[in-house]
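Structure first, then comments.
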Amino acid sequence: MSLVTPAEVIARFTKILQGAFPDVPVQNTDITEGFKRPCFFIDLEGVDTGRVGTYYEDGLSFRLYYFAADTYKGFVDLLKKRDAIIQLLQDTTRLDPDENSEKYGFVIQADDTIRSDINQADKVLQIAFTVDLVQDDNRLPDADLIEDLEFKPSVVPSTDTGRSSTEDSSESDEEEDKTYKVDEL
């Protein structure tokens, strides 16, 4: 399975918003180009990427904007949208609701910390949240897991170029306690 991308998460959140608020479009172009109210806009503010073993982790920082229909009234609308959107973000959702999809089993949900701000003058709701994507990176080459490795004391590491692994055990015991000088190595 290919890795889940931030674009797929944005697409899924867009569908969730469209399903919950069918009369409010989700703006997918830059908001500096102009927009009609009411509307939503999802902004990906940053991605923190890390790796632990074969697992790949992305912390996706989003800011969701809701622009109320009217800039002169609508504070109650902002509060109601805030509550509904936070509930949607706290619920888990499948990345792809199609049971036949390879990404059906991948579930996304906002972290526990969701911050909201309301600009009363412009009638804009902003909700900041993070989604952590932790997924197995199957792009890495196949390798033995550390618990499956066998230790073979007779094998000489590649850095020990002057010694061989075919020495008899009496010579090897003597050399183990010997101190080497740099030019002898």
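Source: prediction; values computed, not measured.
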>> Pair L64, I85 - check side-chain contact (heavy atoms from CB on, under 4.5 Å), show working.
In response: CA-CA 9 Å; L64 172 65; I85 293 168; 3.4 Å; yes

> What about F35 and F67, are their ring centers closer than 6.0 Å?
Replying inline: yes

>> Between I108 and R12, is there a side-chain heavy-atom distance shorter than 4.5 Å?
In response: yes

> What is the distance from atom CG of L89 to atom CD of Q109, rounded to the nearest 0.5 Å?
Replying inline: 9.5 Å

>> So, taking the atom named CZ in R115 and the one named CZ in F129, what distance separates them when rounded to the nearest 0.5 Å?
In response: 15.0 Å

> Can a donor-acceptor pair be found between the side chains of Y56 and D136 at a distance below 3.5 Å?
Replying inline: no

> Mind checking whether L133 and F106 have side chains closer than 4.5 Å, heavy atoms only?
Replying inline: yes

>> If I compare all heavy atoms of C39 with all of V24, which pair ends up nearest, and what's the gap?
In response: CA-CG1, 3.6 Å

> Is there a side-chain contact (heavy atoms from CB on, under 4.5 Å) between R82 and L78 once you walk through the steps?
Replying inline: CA-CA 6 Å; R82 178 200 166 277; L78 293 173; over 6 Å; no

> CG of L95 to CD of Q135: how many Å apart, nearest 0.5 Å?
Replying inline: 9.5 Å

> Just one of L125, I42, D43 clears the side-chain contact (heavy atoms from CB on, under 4.5 Å) bar with Y65, so which one?
Replying inline: D43

>> Looking at every non-hydrogen atom in both residues, tell me the closest pair between A110 and V131 and how far apart they are.
In response: CA-CG2, 4.2 Å

> What distance do I86 atom CD1 and Q90 atom CD have between them, rounded to the nearest 0.5 Å?
Replying inline: 6.5 Å

> Is there side-chain contact between I114 and I127, with heavy atoms separated by less than 4.5 Å?
Replying inline: yes

> Going from NZ on K123 to CG on D77, what distance comes out if it is rounded to the nearest 0.5 angstrom?
Replying inline: 11.0 Å

>> Using a 3.5 Å distance criterion without hydrogens, assess whether the side chain of D70 forms a donor-acceptor pair with backbone atoms of Y72.
In response: yes

> For Q18 and V26, what are the C-alpha separation, side-chain angles and deciding distance, and is it a side-chain contact (heavy atoms from CB on, under 4.5 Å)?
Replying inline: CA-CA 7 Å; Q18 289 171 336; V26 179; 4.0 Å; yes

> At what distance, to the nearest 0.5 angstrom, does CG of L60 lie from CG of L44?
Replying inline: 6.0 Å

> When you measure from the side chain of E45 to the backbone N and O of S61, does any donor-acceptor pair fall under 3.5 Å?
Replying inline: no

> Which atom names give the shortest non-hydrogen contact between L3 and E8, and what distance separates them?
Replying inline: O-OE1, 3.8 Å

> Would you say the side chains of D111 and T130 form a donor-acceptor pair under 3.5 Å?
Replying inline: no

>> Between I118 and F75, does the side-chain contact (heavy atoms from CB on, under 4.5 Å) criterion hold? Intermediate values first, please.
In response: CA-CA 9 Å; I118 295 177; F75 183 70; 3.7 Å; yes

>> Looking at R94 and Y104, would you say the former's side chain and the latter's main chain have a donor-acceptor pair under 3.5 Å?
In response: yes

>> Whether the Q87 and D91 side chains hold a donor-acceptor pair (N or O, under 3.5 Å, no angle test) is what I'd like checked.
In response: yes

> So, for P25 and P38, which heavy atoms are closest and what is the spacing to 0.1 Å?
Replying inline: CD-O, 3.4 Å

> With distance as the sole test, does R37 use its side chain to make a donor-acceptor pair with the main-chain N or O of A68 at under 3.5 Å?
Replying inline: yes

>> Check the orientation of F62 and F13. Use parallel for under 30°, tilted for 30 to 60°, and perpendicular for over 60°.
In response: perpendicular

